[in-house]
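Below, chains carry the letters A, B, ... as their sequence lines are ordered, and counting in each starts from 1.
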Amino acid sequence: MTMAGPELAHQLTPLAVLLPLGVAFLLLALSHWLPPRTADVTALVIALGLMVLCGWLGAESWHGPIVHWFGGWTPPVSGKPDVMLGIAFSVDPASAAVAAFCALLFAGSFVFAWGYFDKVHAHFHVLMLLFLAAMIGFCLTRDVFNLFVWFELMGIAAFALTAYPLGKSSLEGAFNFTIANALGSFLMLAGVGLLYARTGTLDFVTMGRIIASLPPDPVIAGGFCLVATALLTKAAIVPFNMWLSDAHAVAPSPVSVIFSGVMVSLGLFGLLKLVAIVFAGDPRVMMLVHIGLFWLGVATAVVGGLMAWAQRHLKRLLAFSTISHLGVMLIAVASVSAIGTEGFLVYLVGHGLVKGALFMIAGVLLARFNSVDEIELYGEGRSIWPAGIAMGVAGLLLGGLPWGLLHDATDSVHAGSHGLAGVVAIVAGTALTGAAVLRATARIFLRWSGVPGVERVAPTEREREKGDRPLWLMLLPCAVMLAIALLPADLAESFVHRAATGLVARAIPHAGGGTQAAAITFALTILIPAASLLRHRPTRRLARVAAHVETAPFYGLHVLHSGRVTDYVVWMMVGLAVLAGWLKFG
Amino acid sequence: MNVLAWCVAAWLLGVGIYGIVTSRHYVHLIGCMTVCQSATYVLLLGIGFRWGAGPPIFYDHPPGTPAVDPVMQALVLTDIVVGAAMTALLLAIALQVHKRRGTLDPQHLRPLRPRE
């Protein structure tokens, strides 16, 4: 018997999470008997298979979402239309595309990590497959509690993967990461409880309908605050961002590829879905999103950019650059418009590809030189010049090279964000992070270096990653990802438009000036590292004063990022209070 | 009753956070995390509670008997499992940190340090 496409897609939807979970279980059970490399091959095949599956589901959902109710609990249950007992997955083009992108990045990471984790049986692959299953579930679910469960599973897998190397720093980074995110998830559960208390359902769509019909309610606003705090913590938005630079800097590089590439941006994707489907009918919450979250995005883009510029440990630099780019993405999300959502979706993919590639290059440096410190590695990279070319291209892409996915996405974000603050933040964040990567590239691969400025006092450490892997195998996924990132977004224009309007249909007038902003950004991306690389030791009095004034704010930022988890929790509570205070008095 | 449950939940969350923020020992900090988690349990059970209703088990009751909301209990049960996994992982990390650094005071631990 042959089934029509949509019917088959409907039947196969659960496979998107059952497959990785089942294979992870089998790998764990059989890990001691399997021949070496079986886990590598299996994990890679599963990741590629899931990419195809999710892509196909996305294509099938073109004319309307595919909704799968688990266990046959399709409403109405026993003839009562208001009773919702089941849990559903809902596949729309945007969610399926993001899920497929997660799988693509995992495939890249599995190739990059080929032979890296020989000594630990299949445990790395088991955790990674759990991680992937959690991400896909997070994308596809339409049940608030189910969203929380995938969020937790994603967290647990990530915590264990960070602590994996059992080094001093990775353990402490993993501890900070776990505490911040676990606290976030408790708040999320409390928020889910509050939302259920008022609406009596956990289903996105039904909850959205009920919230739109209720008068403004402090319990629902409180529920939003708590859930948003959790998702913004995952997405590392200022002031919830402190854990990220610790965790991403110390996790094994194949894991950091996933962390920075998709895990954090998924937090914003979840937030966007909740805002668009559940809270669209609550004017107070929408005000908070439009104005409050916009300003958080602005702050995040600028702080992340400044901190990225002030680092010398490449992975920590990239971690702060991720924070900055998440700020840009939050600006796109906060517009809650079709054009902003288009920008966000393309940005998520473009940023994930470029950042994943950069973490792979950091991994190559670690494997070869046991360090990712740009000052220590001065000129060392010449023997592996292909990695230098890749890093240069990635740095240019990150800094707004007028070509490729990120550039087109930034244009859409500009078009969706009105007001000067957004433009300035996007320009500053993009230029500073691109400049930081280019400065590091020039030092490591070209032997160009001025006197180090603010980055000299940044935290750093030597570490070790398994070094006997072939260079071409590590650079292959990196090159493929950069090649995809260099494609113009126009190729998928109709798909992106369909995917974005499927989530957020609200059309807004487009803001102009994106072209000038892009030109200024790229000019700054080139000029800032050029100025830094020509810098001389400040000997004259005036130069010394100027250098002092320049470094002072960076010292302040360094002090705030103290590395102490107790401080991080204080900042999270400050953030929660800001959100709640805005809702109450704003 | 309901107001009491909400107040208890808020109090537990408050003292838990205070404990985390002022903690000088990882294990103490992990204990405070579980206090925060208990706050969510109390909140959820308070939300699902109904006066005069029995447990949501209809084995020896006719269907239609008033019962407390089983959904909230399912949420709590799920979260207890996740919480146990998280606590175990955190304690394992704390043990390894102690082996390597010889201290568990959050004030003296930070992942990457500036060069002296």
Side-chain angles (χ1 to χ4, degrees), chain A residues 85 145 148-149 152-153 155-156 159-160 162-163 166-176 178-179 181-183 185-190 192-194 196-197 200-202 245-247 249-250 312-313 315-316 373 375 456-461 558 562-567 569-570 572-573, chain B residues 2 6 9-10 13 16-18 20-24 26 29-30 32-34 36-48 69 71-72 74-76 78-79 81-83 85-87 89-90 92-101 104-115:
Chain A
L85 292 179
F145 182 68
F148 164 78
V149 172
E152 284 273 30
L153 183 58
I156 297 255
F159 307 151
T162 312
L166 293 180
K168 289 173 190 157
S169 284
S170 59
L171 284 165
E172 285 156 39
F175 194 85
N176 292 358
T178 312
I179 294 291
N181 279 267
L183 196 61
S185 69
F186 299 159
L187 297 178
M188 182 167 182
L189 182 64
V192 170
L194 292 183
Y196 180 83
T201 181
L202 294 168
S245 41
D246 292 347
V250 298
R312 60 191 278 182
H313 185 276
K315 277 163 82 181
R316 196 169 154 87
D373 185 317
I375 298 176
R456 195 174 48 79
V457 293
T460 182
E461 190 178 78
H558 277 312
S562 61
R564 290 188 203 106
V565 67
T566 50
D567 297 357
V569 172
V570 174
M572 282 177 71
M573 291 304 123
Chain B
N2 229 342
W6 290 58
L13 188 69
I17 302 260
Y18 176 79
I20 293 177
V21 169
T22 57
S23 180
R24 299 302 299 267
Y26 268 9
L29 200 154
I30 296 166
C32 294
M33 287 290 291
T34 42
C36 287
Q37 200 173 16
S38 317
T40 61
Y41 301 156
V42 174
L43 178 73
L44 293 182
L45 293 178
I47 288 169
D69 191 340
V71 173
M72 283 296 129
L75 304 199
V76 172
T78 314
D79 195 48
V81 176
V82 178
M86 195 117 68
T87 311
L89 185 67
L90 278 170
I93 294 177
L95 200 65
Q96 297 291 335
V97 170
H98 190 259
K99 272 187 192 166
R100 283 164 178 75
R101 293 268 201 222
L104 284 178
D105 185 346
Q107 305 298 320
H108 296 137
L109 293 167
R110 59 178 300 177
L112 295 172
R113 293 150 196 246
R115 281 281 149 79

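Here Val457(A) pairs with Tyr555(A), His558(A) under the side chain to side chain contact (heavy atoms under 4.5 Å, CB included) rule; sequence neighbours left out. For Glu172(A), the side chain to side chain donor-acceptor pair (under 3.5 Å) partners two or more places apart in sequence, or in a different chain, are Arg101(B).
We find the CZ-CG distance between Arg564(A) and Asp105(B) to be 9.5 Å, quoted to the nearest 0.5 Å. The CG atom of Leu89(B) sits 8.0 Å away from the CZ atom of Phe159(A) when rounded to the nearest 0.5 Å. The line from CD1 of Ile17(B) to OG1 of Thr566(A) is 12.5 Å long, rounded to the nearest 0.5 Å. For the atom pair CD1 of Ile30(B) and CZ of Phe175(A), the computed distance is 4.5 Å after rounding to the nearest 0.5 Å. Atom CG of Leu112(B) sits about 6.0 Å away from atom CZ of Arg316(A), to the nearest 0.5 Å. For the atom pair OG (Ser170(A)) and CZ (Arg100(B)), the distance works out to 8.0 Å, reported to the nearest 0.5 Å.
Between chain B and the options Glu461(A), Met573(A), Met572(A), Lys168(A), the largest number of non-hydrogen pairs under 4.5 Å is found for Lys168(A). Ranked by non-hydrogen atom pairs under 4.5 Å with chain B, the options Leu202(A), Val149(A), Val192(A), Leu194(A) are led by Leu194(A). For the set Thr460(A), Asp373(A), Val570(A), the count of heavy-atom pairs under 4.5 angstrom toward chain B peaks at Thr460(A).
With a 4.5 angstrom heavy-atom cutoff, Asn176(A) touches chain B only via side-chain atoms. Contact annotation for Leu44(B): only side-chain heavy atoms (C-beta onward) come within less than 4.5 Å of a heavy atom of chain A. Looking at Leu43(B), only its side chain comes within 4.5 Å of chain A, counting heavy atoms on both sides. With a 4.5 angstrom heavy-atom cutoff, Arg456(A) does not touch chain B via any of its atoms. With a threshold of 4.5 angstrom between heavy atoms, Ala163(A) approaches chain B through side-chain atoms but not through N, CA, C or O. When heavy atoms are compared at a cutoff of 4.5 Å, Leu90(B) approaches chain A by way of both its backbone and its side chain. Only the side chain of Ser185(A) comes within less than 4.5 Å of a heavy atom of chain B; its backbone N, CA, C and O stay farther away. Heavy atoms closer than 4.5 Å to chain B are found nowhere in Leu153(A), neither backbone nor side chain. Both the backbone and the side chain of Met86(B) come within contact range of chain A, judged by heavy atoms closer than 4.5 Å. When heavy atoms are compared at a cutoff of 4.5 Å, Tyr26(B) approaches chain A by way of both its backbone and its side chain. Contact of Ile20(B) with chain A is made through backbone and side chain together, with heavy-atom distances under 4.5 Å. Using a 4.5 Å cut-off between heavy atoms, Leu85(A) does not touch chain B at all.
Between Met33(B) and Ala182(A), the shortest heavy-atom contact is CE-CB, 3.4 Å. Considering every non-hydrogen atom in both Thr78(B) and Phe145(A), the closest pair reads CB-CZ, 3.7 Å. When all heavy atoms of Pro111(B) and Gly563(A) are compared, the pair lying nearest together is CD-O, 3.8 Å. Residue Ile47(B) comes nearest to Gly193(A) through the heavy atom pair CD1-O, 3.2 Å, listed as atom of the first residue, atom of the second, then distance.
Side-chain contact between Leu75(B) and Phe148(A) is absent, with no heavy atoms from C-beta onward closer than 4.5 Å. Side-chain contact between Glu152(A) and Asp79(B) is present, with heavy atoms from C-beta onward closer than 4.5 Å.
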>> Quick one, Leu187(A) with Leu13(B), criterion side-chain contact (heavy atoms from CB on, under 4.5 Å). Give me CA distance, side-chain angles, the key distance, then yes/no.
In response: CA-CA 9 Å; Leu187(A) 297 178; Leu13(B) 188 69; 4.2 Å; yes
